[in-house]
Amino acid sequence: MTLILPTFDDVAKASEILKGVAHRTPVLTSRTADSQTGAKIFFKAENYQRMGAFKFRGGYNAIASLNDEQRAKGVLAYSSGNHAQAIALSGQLLGVKTVILMPEDAPAAKKAATEGYGATVVTYDRYTQSREELARAMQEETGMTVVPPYDHFHVIAGQGTAAKELIEDVGELDYLLVCVGGGGLLAGCALAAKGLSPNCQVFGVEPEAGNDGQQSFRQGEIVSIATPRSIADGALTNYLGQLTFAIIQDKVTDMLTVSDAQLIQTMKFFGERMKMVVEPTGCLAAAAILHGALKVPAGSRVGVILSGGNVDLNAYAGFLSQTA
Ligand SMILES: *Cc1c(COP(=O)(O)O)cnc(C)c1O
């Protein structure tokens, strides 16, 4: 089967669709970060995106790209994280009914936030029921369209608009660092980077404990791992997608990893120095440059995507109080 992959043109189309709907999030700099690394770092602050993470971009682009019949039947998604809220909010804005499948034991705050955006939340038992089978059964019954969190043409194109805006705002980059779960953000941002700044080297960053993407990249085939343990809860995927892997193989220079201790250091850095809350997964790319997983020549221009800021405040306080 040949895969139909999005291109830079699809990222450009997504940015038209998102114009006036998604926030054009700020690009922030820090003298401390620059002097620590010798580079010029540009942080793209998607923690300030609508619903608190870049996932709004892909979710909205995917629903906006449906035809009238598909829109009338509604959209189904399974997620307990940012993708759920992205689909719920996008459905609300576009007048499309959304149903989100969530595990019964998902945090009450996440369920409430998703319902607050107008989605219907259906819960399942993650120990006895397969969400894929459940989704398939519901889809057959209702004709709803499933929008997956990363391995989807319009989701990837939408996520790429984050890097497109970054490069439009600051100019060409030598390096771009992007966190990786299923690889939708990385794939889309790599398309944008290669389109607008062809010499830019793009790197993916994963938690050390969940380096399926690194293994896949280096072995040249998708490697599946057991659910990893890391505080980067947005990057606990077991494998890359078919589309995301194909784009990553073609456009990305390498995949790097960082430890949870480095993520905590980075969260503290953002709180203390830059006065902002970045969730653990959102710190992956920044941790790679701040803690030396990627070393760059002095004066290099480095883009870093901060993917989101949704973290339970009690958990956040716990991270900040760790001394490691
Ligand atoms: C989903 C998510 C990721 C991972 O994105 P992928 O497209 O699955 O690689 C990273 N950070 C945050 C905050 C997320 O919500």
Side-chain angles (χ1 to χ4, degrees), residues 6 11 14 25 43-59 61-62 77-89 110 113-114 147-163 176-192 202-207 210-214 216-217 222 227-228 230-245 247-248 252 255-258 263 266-267 270 276-288 304-312 315-316:
V11 179
T25 52
F43 296 105
K44 175 68 169 166
E46 285 295 296
N47 48 317
Y48 296 134
Q49 187 50 264
R50 293 185 78 163
M51 53 63 54
F54 74 92
K55 284 226 173 55
F56 177 69
R57 296 174 181 271
N61 191 48
Y78 38 84
S79 164
S80 51
N82 289 329
H83 180 61
Q85 289 173 55
I87 291 297
L89 174 59
K110 294 229 162 157
T114 306
V147 176
Y150 53 86
D151 207 25
H152 182 282
F153 186 100
H154 292 106
V155 170
I156 294 168
Q159 316 307 30
T161 61
L176 176 65
L177 288 156
V178 185
C179 57
V180 182
L185 181 64
L186 175 61
C189 287
L191 292 175
V202 182
F203 290 83
V205 187
E206 292 176 300
N211 72 335
D212 60 287
Q214 186 181 56
S216 305
F217 185 81
I222 298 174
T227 302
S230 164
I231 60 170
D233 58 355
L236 302 184
T237 41
N238 307 90
Y239 41 78
L240 296 174
Q242 306 277 338
L243 305 178
T244 58
F245 177 63
I247 296 168
I248 289 167
V252 166
M255 304 286 275
L256 311 170
T257 64
V258 301
L263 292 177
T266 305
M267 251 182 287
F270 285 126
M276 64 180 172
V277 176
V278 184
E279 64 182 277
T281 316
C283 290
L284 282 164
V304 171
I305 310 279
L306 307 181
S307 59
N310 291 331
V311 52
D312 174 82
Y316 183 68

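Note that ligands are numbered from 1 as they come in the structure, with each ligand's atoms numbered from 1 the same way. All figures in this text were calculated on a predicted structure; none of them were measured in a lab. Both backbone and side-chain heavy atoms feed into the values below; hydrogens, waters and symmetry mates do not.
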F56 side chain reached by Q85 side chain, heavy atoms, under 4.5 Å: no
Could you tell me if any non-hydrogen atom of A235 lies under 4.0 Å from any atom of ligand 1? no
What's the shortest distance from atom 5 (O) of ligand 1 to any protein heavy atom, and which residue and atom give it? F54 CZ, 3.4 Å
Measure the shortest side-chain to side-chain distance between L240 and D212 over non-hydrogen atoms and say whether it is less than 4.5 angstrom. yes
In the structure I gave you, are the side-chain heavy atoms of I305 and C179 within less than 4.5 Å of one another anywhere? no
Ligand 1 to E279, heavy atom cutoff 4.0 Å, flagged ligand atoms 13 (C)
Nearest to atom 13 (C) of ligand 1, what protein heavy atom do you find, and at what distance? S307 OG, 3.2 Å
Salt bridge between E46 and K55, side-chain N to carboxylate O under 4.0 Å? no
Contact between ligand 1 and Q159 is defined here as a heavy atom of the residue under 4.0 Å from a ligand atom; is it met? no
Can you name the nearest heavy-atom pair linking H83 to A77, along with the distance? NE2-CB, 3.9 Å
Would you confirm whether the ring centroid of F43 sits within less than 6.0 angstrom of the ring centroid of F270? yes
Numbering the atoms of ligand 1 from 1, which are under 4.0 Å from a heavy atom of C179? 10 (C), 11 (N)
Tell me which protein heavy atom sits closest to atom 14 (C) of ligand 1, plus the residue, atom name and distance to 0.1 Å. K55 NZ, 2.9 Å
Report yes if some heavy atom in the side chain of T161 is under 4.5 Å from a heavy atom in the side chain of V11; otherwise report no. yes
Against heavy atoms of N82, which atoms of ligand 1 measure under 4.0 Å? 13 (C), 14 (C), 15 (O)
Can you name the atoms of ligand 1, numbered from 1 with element, that are less than 4.0 Å from a heavy atom of T281? 10 (C), 11 (N)
Just jot down the ligand 1 atoms closer than 4.0 angstrom to any heavy atom of V180, in number order. 9 (O)
Could you tell me if the side chain of T257 sits less than 4.5 Å from the side chain of P207, heavy atoms only? no
Please write down residue, atom name and distance for the protein heavy atom closest to atom 8 (O) of ligand 1. G182 N, 2.9 Å
Taking N or O atoms only and a 3.5 Å limit, does A53 qualify as a polar contact for ligand 1? no
Could you tell me, atom by atom, which parts of ligand 1 come under 4.0 Å of a heavy atom of G184? 6 (P), 7 (O), 9 (O)
Would you find a donor on one side and an acceptor on the other, under 3.5 Å apart, between the side chain of E279 and the backbone of V311? no
